[in-house]
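Each remark here refers to the structure printed beneath this line.
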2 protein chains.
Amino acid sequence: MPDIKHFDPDATLETVVRLFWRQGVASTGIQDIVTATGLNRSSLYATFGGKQELYLAALSRYVERRSQPVFRRLAADERGLPAVGEFFDGLIRARCSGEYARWGCMVSNAHAGAENGDPEVGTVLDRHHQELRDALYAALVKAEAHGQLAPGTDPGAAADLLALLAYGVNLRSRGGADAGSLSVTVTAALDSFSA
Amino acid sequence: MPDIKHFDPDATLETVVRLFWRQGVASTGIQDIVTATGLNRSSLYATFGGKQELYLAALSRYVERRSQPVFRRLAADERGLPAVGEFFDGLIRARCSGEYARWGCMVSNAHAGAENGDPEVGTVLDRHHQELRDALYAALVKAEAHGQLAPGTDPGAAADLLALLAYGVNLRSRGGADAGSLSVTVTAALDSFSA
DNA sequence: GCTATCTTGGAACGGTCGTTTCAAGATGAA
DNA sequence: TTCATCTTGAAACGACCGTTCCAAGATAGC
């Protein structure tokens, strides 16, 4: 019997993701969201709850739609080191050019925000890090099996290092670092593992 | 003839640094600063100007008092790789324990904030990164001279990598990563350079 | 002690914050 | 078509935002 929603919650949430991603949660007002999505406060609150819940939903969507697909592709790639190189190439390209240039990574940004005190946010950050590391590890294990790794290279330790390196890329790209120098650094790191 | 200030601007700025460092600029209100410093709005604005100028002054103070002394010590250290190891040990200890545990690095945090659009802030971030890299480079050049580096290791590329790694440590420590795993990762990275 | 000059306390500014409320509108089953 | 139910628009909430203003207070040279 009831009325149905006159908008697409999924498209709305994607718009919200981009606002929080680019500006951060503390610098994004409800009015910004109302303006960007075109819907009003009532629909917003009825659908998503308050700002914090909306942020958490947006952060989760970011992880599911942006991060995890890339992680899965990396983990499933059978080529080994070339897959890792492609992962970082794509990362740097996404961070420095195109629609989301200089936005950094929403999860990396969340680390620096005051909202990481929220335990639910903290859980998302930890899981995201674990998934990134695991995907890198899976690729590096295959690299090892293909004899692509320099002798004595531990895939686990390398995965830990590359995961932290990715955060550095995310941060510095948002700060304005140019794609070329980031690429050189990452390539040199991968070369140091290479057989 | 005039009256003199009834407070110590330097001590005040240090208090402000800690507020912005811990909570970020967007989540820190002028009222928070008034409460924490004990002085009133008039003195605050007369001495430092508005919030953005205050943030810039606090960020500069952080770099001068917290980052640069450590960078200088690293750059001046003649031991090579042990100096780099000590630098990261101190970094991880400062980030994960003591008074500033889980605060991250104020400069790293600034990368993720919306204020990095301010060109003056951007300049501070870039200079900070350059100084960090240069200090690492200086230490690695000495390591090379001492024969501590694995053959084929380029001190410049290694410095670039370790600088980005430091950002990763800063971010993940704020996110709650434990000191032990960060230490293991960093140690493994340094070992991969070691002769 | 007088006075010019700066500092301080505290109120107040207009604006925006996140959130709530409620009447009017839209929907689909009966 | 009727009606119960949900959605929507718009106004309003109190609280807080960064900032400004000004009278009262403190200081140091005269």
Once you round it to whole Å, what is the distance between [atom2] of [N] and [atom1] of [X]?
| X | N | atom1 | atom2 | answer |
| --- | --- | --- | --- | --- |
| B:Gln52 | D:dT19 | CD | C1' | 14 Å |
| A:Gln31 | D:dG9 | CD | P | 14 Å |
| B:Ile33 | D:dT19 | CD1 | C1' | 13 Å |
| B:Lys51 | D:dC17 | NZ | P | 8 Å |
| A:His6 | C:dG25 | NE2 | P | 13 Å |
| B:Ile4 | D:dA28 | CD1 | C1' | 9 Å |
| A:Leu54 | C:dG18 | CG | P | 11 Å |
| A:Glu53 | C:dT19 | CD | P | 8 Å |

Could you work out, with side chain to side chain donor-acceptor pair (under 3.5 Å) as the rule, every residue matching B:Arg127, not counting sequence neighbours?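 For B:Arg127, no residue satisfies side chain to side chain donor-acceptor pair (under 3.5 Å) once neighbours in sequence are set aside.
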Quick one: sort the B:Tyr167 and B:His128 rings into parallel, tilted or perpendicular, breaks at 30° and 60°.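 Judged by the thresholds at 30° and 60°, the geometry between B:Tyr167 and B:His128 is perpendicular.
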Sidechain-backbone polar pair: B:Arg95 side chain, B:Gly104 backbone, donor-acceptor under 3.5 Å: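 Checking the backbone N and O of B:Gly104 against the side chain of B:Arg95, a donor-acceptor pair under 3.5 Å is found.
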Return the set of residues passing ring pair (Phe, Tyr, Trp, His ring centres under 6.0 Å) with A:Phe87 (not counting sequence neighbours), or none when no residue passes.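 For A:Phe87, no residue satisfies ring pair (Phe, Tyr, Trp, His ring centres under 6.0 Å) once neighbours in sequence are set aside.
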Ring pair (Phe, Tyr, Trp, His ring centres under 6.0 Å) involving A:Tyr55 - partner list, sequence neighbours excluded: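 Only A:Phe20 meet the ring pair (Phe, Tyr, Trp, His ring centres under 6.0 Å) criterion with A:Tyr55.
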Considering only D:dC17, D:dA26, D:dT7, which nucleotide approaches the side chain of B:Asp3 most closely?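 So the side chain of B:Asp3 is nearest to D:dA26.
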Looking only at non-hydrogen atoms, find the nearest pair between B:Ala166 and B:Leu132 and report the distance.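 Shortest heavy-atom contact: CB-CD2, 4.1 Å.
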Going by side chain to side chain donor-acceptor pair (under 3.5 Å), name the pairs with one or both residues in residues 150-163 of chain A, residues two or more places apart or in two chains.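 Residue pairs passing side chain to side chain donor-acceptor pair (under 3.5 Å), neighbours aside: A:Arg133-A:Asp160.
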Strand contacts (DNA chain C) in residues 34-48 of chain A, 4.0 angstrom heavy-atom criterion: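 A:Arg41, A:Ser42, A:Tyr45, in order of number.
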Salt bridge (Lys or Arg N to Asp or Glu O under 4.0 Å) assessment of B:Arg66 paired with B:Glu14: CA-CA 11 Å; B:Arg66 309 262 175 191; B:Glu14 176 60 27; 2.4 Å; yes
Do any of residues 18-30 of chain B sit with a heavy atom less than 4.0 Å from DNA chain D, and if so which?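 Contacting residues: B:Thr28, B:Gly29, B:Ile30.
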Do NZ/NE/NH1/NH2 and the carboxylate oxygens of B:Glu86 and B:Arg79 come within less than 4.0 Å?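 So B:Glu86 pairs with B:Arg79 through a salt bridge.
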